[in-house]
Amino acid sequence: MARFIAAIASLICMTSGFMAEPAMARPVSYEGGWTLIEETDRQSTALWVHYTVNPSLSLGWRTEWDRQNDVLFNGPQATWLAKRWFGENYQANLYGFAGAGAIEGINGNPADREAAAFIGAMADWETRRLFASYKARGLEGGTVDGSFMQAARVGFAPYEGDTGDLHTWLMLEIDHRPDADDPVGVTPLVRFFKGAALFEAGWSVTDDEPMLNFQYRF
Amino acid sequence: MIRTLFLSSAFGALALAVPALTSAYALQMQHDDMQHEDMKHQDMKHQDMDHGEHDHEAHDHKDHDMEADEAASGELVMLSRTAEIDAALAAGGEPAVAQVLGVVCDFCAKAMNKTFGKREEVAATYVDLDTKTLNLVFRPGQSLDDETIGELVKKAGYRIAAIHRGDALMVESAQGTGAE
């Protein structure tokens, strides 16, 4: 655990001022809005900051540390809102995203810096009480060439909070990483949402690793 | 290999379930989303309508709450109140309420508050998740037309269902409730 905390601290130091990609919550904001995202799951830790150019496109910088493979990715990311479905009581979104940059070994991994790129898609559906999402991403480059992950999440809000209240969600995420020692991971988590801030804390019962996600919309 | 295929199939099913669920819900919501202005009145023929079973005298009107019916039908909506909204009303600003589709979380509220807060015509703004409305009070003597409000909501990432002003808007006074 101490190693994990030290690693997080070192990553934050290394990447301060950088940004990351969206996990499962609104990767495109309002026109002119900035969003800061931190994501830590059983495989990696990422920082992402993006700026929403228009309601369908955000551009940002992603720094991602793959803790399992000791590699670090840095590069810009674009996220495109392909389609948003509106209803009186629901919203659903389909996103595509892609990024390119450099990947290199860290923490004793001697892998040289090489070009890398990723591409993926996300979909979500949400009411004030129910949530479902899916995300898939493939990455090419460096020692993790050809890596693929996908994750699906479902959630339930035990109560409906009004504007500005503390919103609480109970969620379950199942991820699939074919290259991992445990290809399928199960992570129950709780999401707290208030105003412009979102915080998620969970625990991977597969790997005994924490999930810690934070998002702030400026 | 079989395990990998099984897992991929399982995730594929989950991936399909989200849009399928969305589509099913969208079908269910179609009637809720219908707006009066969307109906094609020019295609309606009075003589084609069946009035035969309509007996006005047989209706019981004594428990009929017209105001509640109008609010429920979307023709009369109530302005949500905050200290900022109250101050802007007290200063003499005109209110407007927009019913917005897709408002499900505080990020939606943040997006619209930020977008409208930048406009000099707007004195106060509040997004009410419970009523799914964007509540605006303009500076005295200023306003935004419906088209501009619709464009700004679109920039925030959402969509307007209807905009209410004047007589179509119910503003609760400090002493009670009344239409203004």
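Keep in mind that what you see is a predicted model, and the values were worked out from it rather than measured. Chain A is the first sequence line, chain B the second, and so forth, proteins listed ahead of strands; every chain is numbered from 1.
- Annotation: the span from Met112(B) atom CE to Thr163(A) atom OG1 amounts to 9.0 Å, rounded to 0.5 Å.
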Identify all side-chain donor-acceptor contacts of residues 153-160 of chain B below 3.5 Å with residues at least two apart in sequence or on another chain.
none

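- When atom types are taken as modelled, the side chain of Asp106(B) and the backbone of Gly164(A) share a donor-acceptor pair closer than 3.5 angstrom.
- No donor-acceptor pair closer than 3.5 Å links the side chain of Asp130(B) to the backbone N or O of Asp162(A).
- Looking at Ala197(A), only its backbone comes within 4.5 Å of chain B, counting heavy atoms on both sides.
- The distance from the OH atom of Tyr30(A) to the CG atom of Asn113(B) is 10.0 Å, given to the nearest 0.5 Å.
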Original post:
Could you go step by step and tell me if Phe107(B) and Leu198(A) meet the side chain to side chain contact (heavy atoms under 4.5 Å, CB included) rule?
Top reply: CA-CA 9 Å; Phe107(B) 277 0; Leu198(A) 181 152; 4.2 Å; yes
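- The residue among Cys105(B), Ser80(B), Ala109(B) with the most heavy atom pairs within less than 4.5 Å of chain A is Cys105(B).
- Few gaps surround CG on Asp208(A); more than 12 heavy atoms of other groups in view lie less than 6.0 Å from it.
- Here the closest non-hydrogen pair linking Lys118(B) and Glu31(A) is NZ-O, 4.3 Å.
- Considering CG of Leu101(B) and OH of Tyr90(A), their distance stands at 8.5 Å, rounded to 0.5 Å.
- If you tally non-hydrogen atom pairs under 4.5 Å between each of Lys194(A), Arg129(A), Glu160(A), Glu126(A) and chain B, the highest count goes to Glu126(A).
- Among all heavy-atom pairs drawn from Lys132(B) and Glu88(A), the shortest one is CD-O, 2.8 Å.
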